[in-house]
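Predicted, not measured: the structure shown is a model, and the values here were computed from it.
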Amino acid sequence: MRSVALSASAILVCAAASASADEAVKPVFKPTSIKAPFLEQFTDDWSDRWTPSEATKKTPVGGETFSYVGKWEVEDAENVLVEGDKGLVAKTKAAHHAISAPFQSTVDFSDKPLVVQYEVAYQKGGNCGGGYVKLLEDGFQTAGKEFSDKTPWTIMFGPDLTCPGTKVHFIFRHQNPISGEFEEKHLKLPPKPSFDKNTNLFTLVLHPNSTYDVRFNGESHNTGSLLEDFDPSVNPPQEIDDPEDKKPEDWVDTKRISDPDATKPEDWDEEAPYEIADEEAVKPEGWLDDEPEFVPDPDAEKPEEWDDEEDGDWIAPTVRNPKCDEAPGCGEWKRPFKPNPAYKGKWFAPMIDNPEYKGEWAPRKIPNPNYFEDLTPVKSLKPIGGVGIELWSMTEDILFDNLYVGHSVEDAAALAAETWEVKHAAEEAAKKAKLVENDEDEPPVSFQEDPVAFIRAQIFTFIDALKVDPIFAVKSQPETAAGLTLALTTLFGMIGVLFGLIGGQQKPITTSVKKTDTPSADDKAAKAKTDAAPSAAAGGEKTETPVKKRK
């Protein structure tokens, strides 16, 4: 009873706290005083900076069509947590969206950190939809209405729902100083956090020494080096295959061949059938030779609308003969088949090593004409002059907010404290309140009324709370946490004792077969079927073994 009172008190306290939070006045948005090369909170003058794309693309028939039909709006979030706080929302489902904004001045991060941070909320939940941004190469930030997937960018960063699954992209475009070509470098193991409808914070920190830090909701998920963690690698191989080198016509790269000296044994009969009639089988007593297996259904009646002249003679449908169910069988008895002990199948010559094998051919290596070594790839990246959001989405109402592009990790963290942390705290409180509300929707069952139902309800409530906040779960239901811990400890202890007893007492089991034992009929049949397997022809394996590469 004491534990029941404690649990009820904890739930009442949480419910009261949640009710107070709902009744409390929501915080009011106030523009930040933090400064940065680019900081966007989508205030009333946002349209002075952002331009929706009107780019077109060629159609298969040669004309042009408007590519980016997705609509953009700056509006309140569906779940308002901060009064007056608006965000940029991709409104259209199953559409391409594109919008961009230039920086007031070029952002060069060759000698200072680059920090990119912003919020994304998939307000309609998970489906295929991008939430990433592109930092545009300086000189292309004024593309505006012509901004498209062809607009050069330096870094792409942010979340993507990939149907199924999630990932956080980090891609940069690096220029080969020899060929002048740009190549996209993708983070090999991008973070794959779980997204929900709540607001999530994405942060990228890129240092001048070419190290990086990808953070999700303020916590580091990936750290490393641009020289080690990206595919393809920044620096190309020193040697490549010679494109002019061709395999000689007489090159033999077949490692194993059929033995040309092997001959099929004289007694090998390829025509012998796999199965033969069992001459030892005897027709069961009581078999009804003269009874058909199926008979006309005695209960069937010709439909009234049946016309013999138009539809032909009516024939009653058949049903299984009930006499056959009472006997071993009926109709013509036929001998069953059994595996043919003389069956050997098709003969194949055994495989042997090919005496003319030269190994697996590979072209010779030559120096890579486009080889270079860039030990500081960050300094080689193009400066950025603007930001663009260009994505395809099957999800509508994706909200972007509080976009920071600058050089200060501390300022980005301070902005997150002013904005995202406020929303995050409110969303987490709402989760906890929902748990309590769901618990209150059903009348509580007392231990005296139904002990099993009471314990199950306590456990399920505790597990649901544990998924959201382990500390909250333990504090709200300490007796359930203690009970589960004790139960698990006891269970593992019993399993340990059980395995100890089994391991200590079990003796090896041996079977002996006397040479005088006479094989049964089943043994003969099993052996005949095994010996008669088509895939085990006496000549050996038909397939070749894998070929090793020549070093």
Side-chain angles (χ1 to χ4, degrees), residues 163-164 256-259 262-351 452 456 502 506-546:
C163 306
R256 289 177 62 81
I257 59 172
S258 299
D259 185 355
T263 57
K264 182 173 69 174
E266 294 181 359
D267 61 346
W268 191 286
D269 184 4
E270 293 184 341
E271 304 300 325
Y274 178 65
E275 290 184 321
I276 58 175
D278 186 358
E279 298 298 334
E280 298 178 358
V282 179
K283 180 172 65 175
E285 294 184 6
W287 189 279
L288 305 178
D289 296 273
D290 298 329
E291 288 289 341
E293 185 176 359
F294 294 93
V295 296
D297 185 356
D299 298 326
E301 297 180 358
K302 183 170 70 171
E304 295 181 0
E305 64 275 11
W306 189 277
D307 188 329
D308 291 336
E309 293 183 0
E310 295 184 4
D311 302 326
D313 294 335
W314 181 79
I315 301 175
T318 58
V319 295
R320 181 170 171 79
N321 189 343
K323 296 181 180 179
C324 296
D325 295 332
E326 300 173 358
C330 56
E332 181 184 358
W333 180 80
K334 297 180 181 180
R335 294 183 181 277
F337 282 84
K338 68 176 184 179
N340 182 5
Y343 172 80
K344 294 186 177 181
K346 184 173 178 61
W347 181 84
F348 296 102
M351 303 297 291
V452 175
R456 285 187 61 188
I502 293 174
Q506 187 175 11
K507 296 180 180 179
I509 299 174
T510 58
T511 58
S512 61
V513 179
K514 295 181 180 179
K515 294 183 179 179
T516 56
D517 288 347
T518 303
S520 64
D522 290 341
D523 294 335
K524 290 179 180 180
K527 184 176 185 304
K529 189 171 183 179
T530 302
D531 294 342
S535 60
E541 297 181 358
K542 176 70 175 174
T543 56
E544 299 182 1
T545 57

Taking all non-hydrogen atoms of both residues, which atom of Pro303 and which atom of Trp314 are closest, and how far apart?
-> CD-NE1, 3.4 Å
Which atom pair, heavy atoms only, marks the closest approach of Pro341 to Ile276?
-> CD-CD1, 4.2 Å
Would you confirm whether Asn321, through its side chain, and Pro292, through its main-chain N or O, come within 3.5 Å as a donor-acceptor pair?
-> yes
Would you indicate whether the side-chain heavy atoms of Pro296 and Ile315 approach each other to under 4.5 Å?
-> no
Any Val295 side-chain heavy atom under 4.5 Å of Val319 side chain = yes
Could you tell me whether the side chain of Asp267 reaches within less than 4.5 Å of the side chain of Lys344, counting heavy atoms only?
-> yes
Spacing of OG1 belonging to Thr263 relative to CH2 belonging to Trp268, to within rounding of 0.5 Å = 12.0 Å
Within residues 298-333 or reaching into it, pairs that qualify as disulfide bond (SG atoms under 2.5 Å apart) - sequence neighbours excluded | Cys324-Cys330
Distance-only, no hydrogens or angles: does the Arg256 side chain make a donor-acceptor pair with backbone N or O of Met351 under 3.5 Å?
-> yes
Reported NZ-to-NZ distance for the pair Lys346 and Lys264, which is rounded to 0.5 angstrom | 7.5 Å
Taking the side chain from Trp287 and the backbone from Glu332, do they hold a donor-acceptor pair closer than 3.5 Å?
-> no
Report the residues that fulfil salt bridge (charged side-chain N to carboxylate O under 4.0 Å, His left out) with Asp289, sequence neighbours left out, ordered by chain and then residue number.
-> Lys283
Shortest non-hydrogen contact between Asp297 and Ala316, atoms and distance | O-CB, 4.3 Å
From Asp311, Asp308, Asp307, residue fulfilling salt bridge (charged side-chain N to carboxylate O under 4.0 Å, His left out) relative to Lys302 | Asp308
So which heavy atom on Pro328 is nearest to which on Pro284, and how close?
-> CB-CB, 3.9 Å
Do Trp306 side-chain atoms and Asp313 backbone N/O form a donor-acceptor pair below 3.5 Å?
-> no
Which distance, rounded to the nearest 0.5 Å, do you find between the OG1 of Thr318 and the CZ of Arg320?
-> 11.5 Å
